[in-house]
Every structure is written in structure tokens, then in C-alpha cells.
Amino acid sequence: MSHKSNFLAPQAFEADVIDCQVIGTVPRGLNGAFVRVGGDWAYPPKNPDDSVFNQDGYVSRFRFRDGKVDYKGRWIQTERYRRNRAAGRQLYGYYRNPYDCEPEVAHVEEPWRNTVANTSLEVNAGRLFALKEDARPTEIDPVTLETRGSFNFGGKYKSQTFTAHPKIDPETGELLTFGYEATGLATDDLFFYVIDKAGEVTREVRLKVPYVSMVHDWAITDKHVIFPVFGYVTDEARLRKGRIHWTFDAEAPTYFGILPRNGDASDLRWFKGPNRAIVHTFNARTVGDRVVLEAPIFDNNPFPFFPNADGTPWDPVKGRSYIRRISFDLNSKDDGYEEEILFPDLPVVDLGRVDERFMGRDTRYAYTSFNDLSKPLDRDRIGEGIRHIVNSYGVFDLKDRTMRSFYAGPTHGLQEVTFVPRHAAADEGDGWLIGTASNFADMCTELVVADARHPEDGTVARVILPFRSNVQVHGRWYSDAQLQFD
Ligand code: V55
Ligand code: FE
């Protein structure tokens, strides 16, 4: 008889595990830390149909030293987390809607104060930031994982918001970033920034978007930056009615804004195409007069909790993403672009990564998860209520259009994959695939390590936590030096 799985129930505690159980062997030389953020409901949401993107931020870290791994997990102590804890209940309403919050925490003029800081991480100038696109960074102590608070780069970072997907230029070490809804709720301002290795804001460009939309991820090249604007819309009237921040308008065109990295606002050019959803990207490059972007892209609304504007129910088939290549001709007279699906038979999870040492440059490989239906699934042991398991990582060769895969086993669901180079000078793609997995049979979280050159050989090491840790949104690998360990 099968049990009902409760894997996604709130974890509700903080934890330190010293010298975790390891099955297999952690590769020699894999020293550093896998740091991840995600969300958990410290108190249940006010609205049961709210987005999981509204969960309280939680940061955790697997630190690797000579084959041994320690784990640490902490709530992110945002203003919102602290106020809820003080009240002992949920004061905040729908995702990114201060009008739906209790009056004492409405903060309509300062919506960034309501952030949950639950999406991703970045390190700049020795500082570790937890990021959410509705606010400036929340600084985290990289050693203790205690929350230090909101950070504004000495007042020089003016946007009220900061993307969860800043990019580091591999040659200059600069942090390229932006914020949308930069001057307040539902505003069409997008500010682009360059922040140098020392944490100084060296450049700001103030831009306007064609319509207010979720600019969740973007892409850089050595010469350009690319901002996708797609499908999700909002406005002040919608928010005043107390609705969830976004609705998906299937009639809204897709725009890609391309700005030369050294350009000013008048150099921004918008390309326009049919309705799509571009939530995450892999990478982009400038080749002569062309800009090429590779990304998993959806034909329609990817997220069931952001309702369709036309009132139709969410369509899970249209809500699948396929790896595509988009090419922009910078010499063209019209505003169109070319779009091609590279793996038309293989829907993938839109949480893809590349070898970040080649960010903005020509890359061959992209890594993302998918569900390999040819592989076994142990329904009895995983329990009921787990309908869709993502059981594999794919190593996608975007040049040859071939794919090799890692299968996690019949009881494991994979979260986002991260690529760790074998050493600083290793070739592109020579390294490790790491990420957390939900072991639905044993009700625990594991970190899996696989060889990116031999993914089909399976797990090299599994680091076992004796409990369920929150499902991550995004994770990153950092060296001890980047995280300020002695
Ligand atoms: C995403 C995730 C978010 C968010 C907006 O995956 C977009 C896309 C975890 O929060 O606030
Ligand atoms: Fe993201």
C-alpha cells in the first residue's frame, strides 16, 4: 500500500550538520561551497492559491573540504520575516502586492521592504547577497549565514529593485545587473548597472520597457546586454484590486531589448516577435553583427499561479519549455528576429546553466534537468501525490544537437543543476554536475555529484541530509576565498 508523500511540507527549522554521511567518494579537489536559496512558508500564505515565489527566503550551504561536507541552513531574516515572527502570523498577502497586506506592512511606496529574498545568490567584493527581483540585495554573512540586511552599494545603486540573475563578466570580473519596476510598483523603468570587482557602481543607464513585465533573467555578451520582455503584465489598477502581481496576456508580443554594454539609453534597440515566455536563459554571444541567444523558452504561461488574462485555465502542455536559439541581426531594417527550436522532441526544465567561466562568450554546452520517461520510477516507494518527477540532468551539446544524460534513480527528483569546473584552467564542460535531489522514498534531501563528461556513469558521490531541506530555487558554487573563509 502506498503512502501519501509530504515532501513539500514546510521544513520549519534551521540546521547544522557536521560531516554529513557520504555515499561514494567526493572528488579530490572539489573544495568550496554549494550555496542555495529557496523558500519555505514560515507561516501559511494568506491566500491558499498564492505563488510559491512568495515563500520566505531560506539559505543553505554545503561546504566541501577534502572529501568531507558540512551543511548549514538558516532563514533569511528579512524585515518581513521578522515582522511575521513578531506577530506570530502571516501579515503579507499575494505575491508582490502591498495592497493585499495588512495595513501596518502595506508599504505601497516602498514595496521592496516586503521582499522575501528567496531566489538566488551572488558574490561581489567579498559580500554574499540573497536576491529577489522585487528588492535590492539582502546581504548574508557568508560564514555564519546570518542576515546583515538590505544593501545599496553606498547609495550609488538607485533602482529600488535588483535582478535575481546578475552576470559576472569572466574577463573583467565586473558584475552586470539591472532592476525593473525600478522606481516603484508597476513602473516601466529599468536601470542597468555595472559594478566593479571592488563593489563600486561604475555605470548606470536608465531605460524604459515597452510594457511592464517580468524581466526575470537576461543575457550578456562581451559587447551587448539583452533584456527579454514577455507575456506577464501588471498595472496599478490590478494591484489595487488586491490581485497577484502578474497575469499572462497571450496577446502581448515578446520584445528583446539589446543595448551595447558601453551605450546609453538612445542606443537601446527593441526587437519584436510572437508571444512567448523567456524566464531563464543559458547564454548569449555577439558574432560580428549578430547577437545569438540560447534559452529554454515557453510558448505560453509557464506558471499556473499567475492566471491567464483571458480567463482560460492554465495549459500544462503549452507551459513546457524547449531549448531555442534566437538570432538578432543588428544591421536589419525591421525589428524581427529568427527563432529555432534545437531539441524539438525534448521538453526541459527551465532552470538551465552553462559553464560560467564562459559567460557571454561562445559556449557549446548547456545543462538543465528533464524527465526521462524511459527510466524507471518506483511509484510504491515515492508515495502518492508526487506526480511529475524530474529524474535526469541533460548535458546538451548545442553545436551538435546531441544530449547525454545523468539519471538520479527511481526515487529521486532533481532540483536545479550547477556546473563546477574540475579546475580553473579546465576546458569548457570538464567538471562536475552538482545539485540537490529529493529522495522521496527516504524523505530526505541529498546532494548529488556527477561527472559532466560521463553523466551516464551515474552518481560519483551522494551527500545525505538526515531530513528534508527546502527545495531550492537557485544555487551557486563558490570557492572558500569568495566566501571569506579563512
Ligand atoms: C521566478 C522566481 C521567483 C520570482 C520571479 O523562476 C520569477 C522564476 C522564486 O521567485 O519572484
Ligand atoms: Fe531564476
Side-chain angles (χ1 to χ4, degrees), residues 8 35-42 45 50-60 76 78 80-81 92-98 111-112 114-122 129-138 160-167 177-181 185-186 190 212-220 227-234 239 244-248 276-283 295-298 301-307 319-321 348-354 356 359 366-369 390 415-418 435 470-476:
L8 297 176
V35 196
R36 55 203 273 277
V37 278
D40 202 352
W41 296 110
D50 200 355
S51 167
V52 290
F53 296 172
N54 208 17
Q55 293 177 319
D56 296 279
Y58 192 96
V59 56
S60 54
I76 299 176
T78 56
R80 168 165 161 169
Y81 176 85
Y92 297 76
Y94 271 124
Y95 175 76
R96 293 183 65 185
N97 191 341
W112 44 271
N114 293 2
T115 193
V116 285
N118 68 2
T119 310
S120 72
L121 296 149
E122 190 53 279
F129 299 125
L131 304 172
K132 175 89 172 171
E133 65 201 56
D134 62 0
R136 295 190 190 115
T138 299
Q160 294 186 6
T161 61
F162 189 108
T163 180
H165 292 283
K167 310 286 178 194
T177 190
F178 69 95
Y180 74 92
E181 295 188 45
L185 216 53
L190 185 154
V212 182
S213 186
M214 175 199 281
V215 190
H216 177 70
D217 195 359
W218 63 324
I220 68 165
F227 302 104
V229 166
F230 64 93
Y232 286 122
V233 294
T234 192
L239 297 173
I244 202 162
H245 197 87
W246 302 115
T247 178
F248 193 84
R276 297 279 185 270
I278 304 97
V279 182
H280 292 109
T281 64
F282 288 139
N283 206 358
I297 295 180
F298 305 82
N301 185 1
F303 301 123
F305 39 75
F306 296 138
R320 288 179 179 160
S321 75
V348 297
V349 176
D350 161 54
L351 285 169
R353 305 295 286 271
V354 294
E356 291 177 1
M359 187 57 75
Y367 311 97
T368 195
S369 318
V390 172
Q415 292 152 42
E416 180 195 48
V417 61
T418 291
N470 321 66
V471 172
Q472 92 186 45
V473 181
H474 295 294
R476 305 294 299 272

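All heavy atoms count here, side chains included; hydrogens, waters and symmetry mates do not. Quantities reported herein were computed from a predicted structural model and do not represent experimental measurements. Each ligand, and each atom within it, is numbered from 1 in the order the structure gives.
Closest to atom 1 (C) of ligand 1 by heavy atom, among His165, Lys132, His216, Gln55, is His216.
Ring orientation note: the planes of Tyr232 and Trp246 are tilted relative to one another, at an angle of 30° to 60°.
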Is there a ring-ring contact (aromatic ring centres under 6.0 Å, His included) between Phe162 and Phe178? Walk through the geometry before answering. CA-CA 6 Å; Phe162 189 108; Phe178 69 95; 8.6 Å; no
Test Glu181 against Arg96 for salt bridge (charged side-chain N to carboxylate O under 4.0 Å, His left out), laying out the working first. CA-CA 11 Å; Glu181 295 188 45; Arg96 293 183 65 185; 3.5 Å; yes
With ring-ring contact (aromatic ring centres under 6.0 Å, His included) as the criterion, how do Phe305 and Tyr95 come out once you've worked through the C-alpha distance, each side chain's angles and the decisive distance to 0.1 Å? CA-CA 10 Å; Phe305 39 75; Tyr95 175 76; 7.8 Å; no
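Considering His474, Arg476, Gln415 as possible partners of Arg36, the one that fulfils the side chain to side chain contact (heavy atoms under 4.5 Å, CB included) test is Gln415.
Here His165 contributes NE2 and His280 contributes NE2, and at the Fe ion (ligand 2) these two atoms make an angle of 100°, given to 10°. When rounded to 10 degrees, the angle formed at the Fe ion (ligand 2) by NE2 (His216) and NE2 (His474) equals 160°.
Within ligand 1, the atoms closer than 4.0 Å to a non-hydrogen atom of Tyr95 are 4 (C), 5 (C), 11 (O), numbered from 1 in the order shown. For ligand 1 and Asn118, the ligand atoms under 4.0 Å from any heavy atom of the residue are 9 (C), 10 (O). Against a heavy-atom cut-off of under 4.0 Å, Val279 is close to the following atoms of ligand 1: 6 (O), 8 (C).
Of the N and O atoms on the side chains of Gln472 and Glu416, at least one donor lies less than 3.5 Å from an acceptor on the other residue.
Under a 4.0 angstrom heavy-atom cut-off, Arg96 registers as lying outside contact with ligand 1.
Contacts between Val52 and ligand 1 below 4.0 angstrom, taking non-hydrogen atoms only, are absent altogether. Residue Glu133 touches ligand 1 through its side chain alone, judged by heavy-atom distances below 4.0 Å.
Atom 6 (O) of ligand 1 has as its closest protein heavy atom His280 CE1, 3.6 Å.
With ring centers used as reference points, Phe282 lies 6.0 Å or more from Tyr367.
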